[in-house]
Chemist: 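This is the structure I want to talk about, given as structure tokens.
The chains referred to below are lettered A, B, ... by the order of the sequence lines, with proteins before strands, and numbering in each begins at 1.
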Amino acid sequence: MSDTMKGVTRAGPFEWELPVGYVPGMRVPGRFFLSEVLAETLEAGALRQLAHVATLPGIRCCSLAMPDIHWGYGFPIGGVGAFDLTEGVISPGGVGFDINCGVRLVSTPLTEADLGAKTAVIEELYQAVPTGVGARSRQRLGREDLRSMLSDGARWAVESGLGTERDLVRCEGSGRMEEADPTQVSAKALQRGLPQSGTLGAGNHFLELQVVDTIFNPEAAAAFGVEAGSVAVMIHCGSRGLGHQVCTDYIQVLEAATKRYRIDLPDRQLACAPIDSPEGRSYFGAMAAAANYAWANRQAITHQVREVLGRRFDLADGEMPLVYDVAHNIAKIEEHELPGGRERVCVHRKGATRAFGPGTPGLPPDLAAQGQPVIIPGSMGTPSFLLQGTAEAMRRTFGSTCHGAGRVMSRSGAKKHLSGGAVKEVLRREGILVRAPNDAAIAEEAPSVYKDSTEVVRVVHEVGFGRLVARLRPIGVIKG
Amino acid sequence: MSIEELEHTADLLYRVRAASLTDLFVEAARALMQTLYGDPSGPATASWPIELKAADRESLLYNFLSEVLFLSEAENLVFTGFDLTVTASPPSVTGWLRGRPFDPARDAGGTEVKGISYSDLAIVERDGEFCLEVLFDV
């Protein structure tokens, strides 16, 4: 066992425990899920962060991390923490700067052959969806539109002609958090949000053309709406500068609150306040508003994609239905089964995806028997996966699972060891075309800087926090 | 003065060294601009005043870099020069940010910074040199 795993106890074939005492002040153990292969790349910093979360007041059960755990800030990436609504806290460090960063999958009736050489359609999508640093929205929005985005989320977009009613049914929580309070969002955040609606962003955000190449569960795939051999579009982005500013603002607010409520923290990025305090309610309302902006943003991008594909291949919007849309940086009030019975808790998911099992209240009626669709993006050269939520996830992880492959190499290491041009060429030979604002963006997000998405998803499947439904192979990638 | 990129799996971690607190803040702001825009050079055509106070030096740096990030994105400016005065007691920064409008053809070589993290943010003074480590979420 590596030095990183010193002090860690094995609790099952893929299950590991950080005992109370791993760092001072832990109230509950830490628990994470990895194969031995994945454990080899685990960083000590990620375990320290997992332990730090366990020190927060009101945490229930344990501090959890999914198989894509890696070193972040505040919570580890892949971290999940549920907090008592009376004794517990809410922390921007458990959500991240990119509030409701998430991913959605749109299916199409097209095959890879229908796309032809792919270069033209990828270029047209790249031109249609503003991408990269400094990209500005082509939408002409006013302050009233922005307020509606913050209040109504994806519904605002649909009512503005950017989608269909069915799209809303296929979003987590119908693409809206009702707790949103736009009055708690600062003028600075509004200023950043206004020109960025419908933009993809940069970094690890992407728009990807994929082919459904394997169906593991035909019944679930049919219910979700994916067919073998068909082309799908995956969109990964979040709440843009508006959400980033909400996080920045509230870290300052909650820093002061941490002192006011005499909460001892091992990491200032975990600044927090009791959920039911003025500061906690204020952050939750602003965070929910930013989450709604993100859902509206992904819906607006979906519309841009449908316009391009509809024009080129003579498709109606209804022929490009949304499979599902999931958030993976968020805090939500949910009801879960705990040792004392069912209880409402505040679940933080920082780089973790909701994975509600069959029969969970709130799922669309046509998906209730299968559970929630869970979308796990790979990297540019590795497959993405569609899974279904499970009863086991409800029982063990507050209905949560992983959110992606998880990085293994730093961005500086990637730039040092990899050339964007070479990565692009290798991918081209594998049939994957990449379009990005610059080659550095490609090097930083090269497939080899990520864990093997197949191994991450295998562990998720084995531990039962998601069951495999379909695999999607990338064929064209637009990187932000 | 130096800016060194350290290993961090998910984000960008920098170690910045300078002879004074003021220079330390200037270099940290330069690291932010380089991350965002690649090579933020060129003559300044716009100036923006800045005046911030905080409870301690680390909070001041967090507030300062967050404000530079906000102004750059909201006002569409690439900052190329920083005329600052930073004091430790009471912690404050005053001065001017100097820069030019964002040019997509020239400035798209960097990556987006989502925020400045407080994790392990520390300013250390040793042997007449100031040093800090700061993480940018990208």
Chemist: Can B/Glu73 and A/Gln196 be counted as having a side-chain donor-acceptor contact under 3.5 angstrom?
Modeler: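 Their side chains do contain a donor-acceptor pair, which is all the 3.5 Å distance test asks for.
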Chemist: B/Tyr118 and A/Ile251: which non-hydrogen atoms are nearest, and at how many Å?
Modeler: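 Smallest heavy-atom distance, with atoms named: CD1-CG2, 3.3 Å.
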Chemist: Relative to chain B, which segment of A/Val408 carries a heavy atom at a distance below 4.5 Å: side chain, backbone, both, or neither?
Modeler: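 For A/Val408, the backbone is the part near chain B, not the side chain.
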Chemist: Go through the steps for A/Glu444 and B/Leu12 under the test side-chain contact (heavy atoms from CB on, under 4.5 Å), then give the verdict.
Modeler: CA-CA 11 Å; A/Glu444 284 183 24; B/Leu12 287 175; 5.9 Å; no
Chemist: Is any side-chain heavy atom of B/His8 less than 4.5 Å from a side-chain heavy atom of A/Glu43?
Modeler: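 Sidechains of A/Glu43 and B/His8: no contact.
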Chemist: Got a second to check how far B/Asp137's CG is from A/Tyr73's OH, nearest 0.5 Å?
Modeler: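 Interatomic distance, B/Asp137 CG to A/Tyr73 OH, rounded to 0.5 Å: 3.5 Å.
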Chemist: What closest approach, in Å, do A/Ile77 and B/Ala10 show between heavy atoms, and which atom pair accounts for it?
Modeler: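 Nearest pair, atom of A/Ile77 first, then B/Ala10: CD1-CB, 3.5 Å.
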Chemist: Can you tell me how far apart CG (B/Leu69) and CZ (A/Phe97) are? Round to the nearest 0.5 Å.
Modeler: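 If I round to the nearest 0.5 Å, the distance is 9.0 Å.
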Chemist: Distance-only, no hydrogens or angles: does the B/Glu112 side chain make a donor-acceptor pair with backbone N or O of A/Val133 under 3.5 Å?
Modeler: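 Between the backbone of A/Val133 and the side chain of B/Glu112 there is no qualifying donor-acceptor contact (under 3.5 Å).
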Chemist: Kindly compute the distance separating CD (A/Gln252) from OH (B/Tyr62), expressed to the nearest 0.5 Å.
Modeler: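 If I round to the nearest 0.5 Å, the distance is 5.0 Å.
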Chemist: Any donor-acceptor pair under 3.5 Å linking the side chain of A/Arg411 with the backbone of B/Thr9?
Modeler: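 Flag not set: sc A/Arg411 to bb B/Thr9 has no pair under 3.5 Å.
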Chemist: Do you know the tightest heavy-atom contact between B/Glu7 and A/Gly413?
Modeler: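 Shortest heavy-atom contact: OE2-N, 4.1 Å.
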Chemist: Check each atom of A/Asn204 against the heavy atoms of chain B and say whether the ones under 4.5 Å are side chain, backbone, both or neither.
Modeler: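 For A/Asn204, the side chain is the part near chain B, not the backbone.
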Chemist: Look at atom NZ of A/Lys259 and say whether more than 12 heavy atoms of other residues, nucleotides or ligands are closer to it than 6.0 Å.
Modeler: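 Atom NZ in A/Lys259 is packed in, count exceeds 12.
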Chemist: Can you tell me which of B/Asp120, B/Leu135, B/Ile116, B/Leu121 forms the most heavy-atom pairs within a distance under 4.5 Å of chain A?
Modeler: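 Greatest number of close heavy-atom pairs with chain A: B/Ile116.
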Chemist: Do you know the tightest heavy-atom contact between B/Ser119 and A/Asp267?
Modeler: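 What the structure gives for the nearest pair is OG-OD2, 2.7 Å.
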Chemist: Kindly indicate whether the side chain of A/Arg136, heavy atoms from C-beta on, has any atom under 4.5 Å from the side chain of B/Asn76.
Modeler: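 Counting from C-beta outward, A/Arg136 and B/Asn76 do come under 4.5 Å.
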Chemist: Show the nearest heavy-atom pair for residues A/Ala202 and B/Thr111, with the distance to one decimal.
Modeler: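 Smallest interatomic distance, heavy atoms only, reads CB-OG1, 4.3 Å.
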Chemist: Quick check on the interface: out of A/His52, A/Arg240, A/Gln49, A/His205, who has the most heavy-atom pairs with chain B under 4.5 Å?
Modeler: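 Ranked by contacts with chain B, first place is A/Arg240.
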Chemist: Say you draw a straight line from NZ of B/Lys114 to SG of A/Cys247; how long is it, rounded to the nearest 0.5 Å?
Modeler: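 Going from NZ on B/Lys114 over to SG on A/Cys247, the span is 11.0 Å.
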Chemist: Which one wins on heavy-atom pair count under 4.5 Å against chain B: A/Gln245, A/His70, A/Gln191, A/Lys188?
Modeler: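 Of the candidates given, the most pairs with chain B belong to A/Lys188.
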